Amino acid sequence: MNRLQLIQNLADGTQWDVIIIGGGATGLGIAMDAATRGYKTLLVEQADYAKGTSSKATKLVHGGVRYMAQGDLGLVREACHERGLLLKNAPHLTKNETFVIPNYSWFNNVKYTIGLKFYDLLAGKLSLGASKYINKKKTIEALPSIKQEGLKGGVVYHDGQFDDSRLALNIAQTAIENGATVLNYMKVEGLLKDAKKKVNGVKVKDIETGNSYEAIGKIVINATGVYVDNILKMDKPEAPHLVRPSQGVHITLDRSFMIGENALMIPETDDGRVLFAVPWHNKLIVGTTDTLVDHAELEPRALDTEIEFILSTAGKYFVKKPLRSDVLAVFAGLRPLAAPKAEGAKTKEISRSHKIIVSDSGMITITGGKWTTFRRMAQDTLDKAIEKNFLPAKKCVTEELHIHGYVPEPNRADPLHFYGADIAGVQKLINENPALLERLVPEYPYTKAMVVWAVRNEYARRVEDVLGRRFRLLFLDVHAAVAAAPAVAEIIAEELKLDQAWVAQELQDFSKLAKTYTLV
């Protein structure tokens with residue numbers, strides 16, 4: 001179904017069971033759950049799917065080792081369970097990743113060996129592999145590029161890794177295939193209420209055309225991440241703030257800084273945060289930071305202090321110390337943390353558990369949580385709607401639901417394995433028009449066929465949708481993304497029948513955006 005057909009569903013005056021505001025991991029997960037339960041489902045997102053936080057994660061499907069250290073064992077157990085389900089249901093986008101903690105004191109060898117055995121225990125039958133102590137020689141074999149002086153050994157453990165925005169897209173596709181109407185670039189401008197002052201719908205505006213629509217439903221769910229307060233204030237202007245955004249920054253480096261397939265975990269940094277260095281799409285992602293910010297932005301900017309923190313911490317472990325000039329891309333995302341009750345509360349101490357709030361008006365808001373637990377968050381939200389008698393009782397079926405693109409054994413040697421079952425569709429385009437095999441930039445495997453596929457089958461509308469989220473070039477190498485942008489804009493314009501004025505504006509917008517992803 002293309003976007004025009006989906007908009008027609010909205011224009012037809014359908015009576016919805018579930019209306020979801022927000023197209024990140026949480027909202028899309030609810031849409032998939034609702035549609036597969038058989039509810040008539042509408043989701044609207046003001047920008048592109050996963051435009052915000054959900055495309056800017058550390059790329060880990062993990063239980064959360066540091067939450068265990070904080071004593072949040074319930075969250076870790078839940079996240080480990082969900083991690084196992086996700087690796088089974090979307091193997092084309094997820095993988096079992098081996099992590100190594102290099103230790104420079106004997107005490108840490110003992111501490112992390114014992115701690116990670118407990119982590120294995122919490123994962124139960126969905127464990128991805130046993131953790132174990134390794135000696136200095138084996139630690140160097142596992143991480144050849146790390147500093148060897150003073151090294152006392154290491155601890156190996158397993159967690160999951162994934163492509164966040166691709167998973168968000170595939171969840172949206174799964175929801176649509178099960179009957180949901182899921183629309184990007186559709187902004188909520190107001191809530192609708194019935195005679196009893198209960199929220200029963202939304203007023204939305206199509207960002208592309210300016211057309212407005214009204215949608216009526218049994219339940220409206222606010223799943224807007226760091227923007228939940230904006231929607232709550234539409235309902236009740238005096239509503240207190242629920243969320244305080246916390247910024248997480250990552251940098252992308254060349255793989256030469258850490259050769260091999262294993263990931264590095266630094267459990268204790270100078271300010272108590274955890275830092276990861278994770279191989280991803282043949283690059284190295286290093287992060288994250290945890291900085292409270294005053295207000296939410298769709299494209300937050302990394303602070304110089306955050307960049308320096310990541311570079312200096314990584315430099316203490318890598319033989320080859322990374323400099324600002326080595327950073328291929330930098331990206332910042334905002335976590336929707338519960339607003340701290342005490343001034344100066346540390347973000348790393350705030351629970352990542354999700355919270356579901358039912359307003360007096362009957363609107364349901366879900367906040368907090370983490371990518372790994374998106375499926376469980378969706379289940380809990382809809383179960384709450386059933387408990388409140390907003391919806392007829394229907395059973396959740398997503399625990400064993402294969403997500404769009406599912407293939408049981410993807411060929412990870414293929415740089416396009418993240419398409420899963422859709423690889424055949426991309427290949428068919430090339431067979432029909434061999435010119436589409438041309439690469440957008442010589443050094444990366446992204447072709448014109450992939451752009452056509454993104455527009456026709458993946459709801460991409462803009463250059464950044466393609467280069468940032470349908471494939472991840474903006475996050476991997478900003479300068480290569482800028483070089484690819486003109487070809488991408490021309491293909492989108494041809495596919496959507498847009499003029500050269502649109503192309504010029506789009507390239508200007510993308511160039512401005514790209515500057516926020518680069519340091520030089």
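Small disclaimer: the values here were computed from a predicted structure and weren't measured. Both backbone and side-chain heavy atoms feed into the values below; hydrogens, waters and symmetry mates do not.
Heavy atoms from other residues, nucleotides or ligands lying under 6.0 Å from NZ of K233 number more than 12. K95 NZ: more than 12 foreign heavy atoms inside a 6.0 Å radius. Open room surrounds NZ on K448; 12 or fewer heavy atoms of other groups in view lie less than 6.0 Å from it. Heavy-atom contacts from other residues, nucleotides or ligands closer than 6.0 Å to NZ of K187 number 12 or fewer. Taking a 6.0 Å sphere around CD of E177, one finds it holds more than 12 heavy atoms contributed by other residues, nucleotides or ligands.
With 3.5 Å as the limit, one finds no donor-acceptor pair spanning the side chains of E297 and Q247. Side chains of T98 and E261: a donor-acceptor N/O pair is absent below 3.5 angstrom, by distance only. A donor-acceptor contact closer than 3.5 angstrom is absent between the side chains of T367 and H354. For the residue pair T398 / R375, a side-chain donor-acceptor distance below 3.5 Å is found, with atom types taken as modelled. For N170 and H92, the side-chain atoms include at least one donor-acceptor pair closer than 3.5 Å. Neither side chain, Y459 nor Q173, offers a donor N or O lying under 3.5 Å from an acceptor on the other.
When all heavy atoms of P415 and P445 are compared, the pair lying nearest together is CB-CG, 3.8 Å. In plain terms, the two heavy atoms of L337 and S246 that are nearest each other are CD1-CB, 3.4 Å. Scanning both residues, I231 and L191, for their nearest heavy atoms gives O-CD1, 3.9 Å. The minimum heavy-atom distance linking L43 with A31 is given by the pair CD1-CB, 4.0 Å. The minimum heavy-atom distance linking V441 with L473 is given by the pair CG2-CD2, 4.2 Å. Heavy-atom minimum distance, L275 versus T269: CB-CG2, 4.0 Å.
D477 contributes atom CG, which lies 11.5 Å from atom CG of N282 (distance to the nearest 0.5 angstrom). With rounding to the nearest 0.5 angstrom, the CE atom of M450 is 13.0 Å from the CG atom of N457. One distance of note links CZ of F418 with CG of L93; it measures 9.0 Å at 0.5 Å rounding. For the atom pair CG (L253) and CG (L476), the distance works out to 12.0 Å, reported to the nearest 0.5 Å. Within the model, atoms CG of L60 and CD1 of I285 stand 10.0 Å from one another, a figure rounded to the nearest 0.5 Å. Rounded to the nearest 0.5 Å, atoms CG (L437) and CD1 (I430) are 5.0 Å apart.
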request  = Given side-chain hydrogen bond (donor to acceptor under 3.5 Å, both in side chains), test D229 with H241 step by step and report yes or no.
outcome  = CA-CA 6 Å; D229 289 335; H241 285 285; 3.1 Å; yes
inquiry  = Walk me through whether Q427 and E432 qualify under side-chain hydrogen bond (donor to acceptor under 3.5 Å, both in side chains).
reply    = CA-CA 9 Å; Q427 188 59 51; E432 291 167 355; over 6 Å; no
inquiry  = Please determine whether side-chain hydrogen bond (donor to acceptor under 3.5 Å, both in side chains) holds for the pair K320 and S145, giving the CA-CA distance in whole Å, both sets of side-chain angles, and the decisive distance to 0.1 Å.
reply    = CA-CA 7 Å; K320 180 180 170 186; S145 309; over 6 Å; no
query = Checking side-chain hydrogen bond (donor to acceptor under 3.5 Å, both in side chains) for the pair N184/D48: CA distance, chi angles, key distance, verdict?
reply = CA-CA 5 Å; N184 54 359; D48 185 29; 3.0 Å; yes
request  = Tell me, with the steps shown, if I364 and N222 meet side-chain contact (heavy atoms from CB on, under 4.5 Å).
outcome  = CA-CA 6 Å; I364 293 181; N222 174 12; over 6 Å; no
message = Using side-chain contact (heavy atoms from CB on, under 4.5 Å), reason through F475 and S165 one step at a time and then give a plain yes or no.
response = CA-CA 11 Å; F475 288 73; S165 70; over 6 Å; no
task = Could you give me the CA-CA distance, side-chain angles and deciding distance for D414 and Y419, then say whether side-chain contact (heavy atoms from CB on, under 4.5 Å) is met?
result = CA-CA 10 Å; D414 184 343; Y419 279 109; over 6 Å; no
request  = Just do the side-chain contact (heavy atoms from CB on, under 4.5 Å) check on L284 and D254 with the steps written out, would you?
outcome  = CA-CA 6 Å; L284 188 70; D254 186 77; over 6 Å; no
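With sequence neighbours excluded, no residue satisfies ring-ring contact (aromatic ring centres under 6.0 Å, His included) with F510. For F99, the ring-ring contact (aromatic ring centres under 6.0 Å, His included) partners are Y157, F276, not counting sequence neighbours.
Between K51 and E45 there is no salt bridge, since no side-chain nitrogen of the basic residue lies less than 4.0 Å from a carboxylate oxygen of the acidic one. D206 has a carboxylate O that lies under 4.0 Å from a charged side-chain N of R3, or vice versa, which qualifies the two as a salt bridge. R462 has a carboxylate O that lies under 4.0 Å from a charged side-chain N of D509, or vice versa, which qualifies the two as a salt bridge. A salt bridge links D164 and R472; the closest N-O separation between the charged side-chain nitrogens and carboxylate oxygens is under 4.0 Å. Here K203 does not pair with E214 in a salt bridge; the nearest charged N to carboxylate O distance is not below 4.0 Å. Residues R335 and D290 are paired through a salt bridge, judged by an N-O separation under 4.0 Å between the basic side chain and the carboxylate. For the pair E458 and R469, the salt-bridge criterion is not met [side-chain N within less than 4.0 Å of a carboxylate O].
Checking side-chain atoms of S511 against main-chain N and O of L507 turns up no donor-acceptor pair under 3.5 Å. Between the side chain of D33 and the backbone N or O of G29, no donor-acceptor pair lies under 3.5 Å. For T181 (side chain) and L42 (main-chain N/O), no donor-acceptor pair under 3.5 Å exists by modelled atom type. Although no hydrogens or angles enter the test, the distance criterion places no donor-acceptor pair under 3.5 Å between the side chain of E490 and the main chain of A487. A donor-acceptor pair is defined here as one N or O able to donate and one able to accept, closer than 3.5 Å; such a pair exists between the side chain of Y227 and the backbone of L298. Judged by distance alone, with hydrogens and angles left aside, the side-chain atoms of T14 form no donor-acceptor pair with the main-chain N or O of W16 at under 3.5 Å. Judged by distance alone, with hydrogens and angles left aside, the side-chain atoms of D465 form a donor-acceptor pair with the main-chain N or O of R461 at under 3.5 Å. Without hydrogens or angle criteria, W371 side chain to A57 main chain gives no donor-acceptor distance under 3.5 Å. The main-chain N or O of K515 is never found under 3.5 Å from a side-chain atom of T518 such that the two would form a donor-acceptor pair. Looking only at distances, a side-chain donor or acceptor of T372 sits under 3.5 Å from a matching main-chain atom of H62.
Taking the ring centre of F331 as origin, the terminal cationic atom of K56 falls outside the region bounded by 6.0 Å and 45° from the ring axis. With F162 as the aromatic partner, R83 does not meet the cation-pi criteria of under 6.0 angstrom to the ring centre and within 45 degrees of the ring axis.
With a 4.5 Å cut-off on side-chain heavy atoms, V61 and Q161 do not count as touching. Contact annotation: the side chain of R166 approaches that of L169 to within less than 4.5 Å [non-hydrogen atoms, C-beta and beyond].
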Output side-chain donor-acceptor pairs under 3.5 Å for residues 18-26, partner residues at least two apart or in another chain, one line each.
none

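If you look at F471 and H281, their ring centroids are not closer than 6.0 Å.
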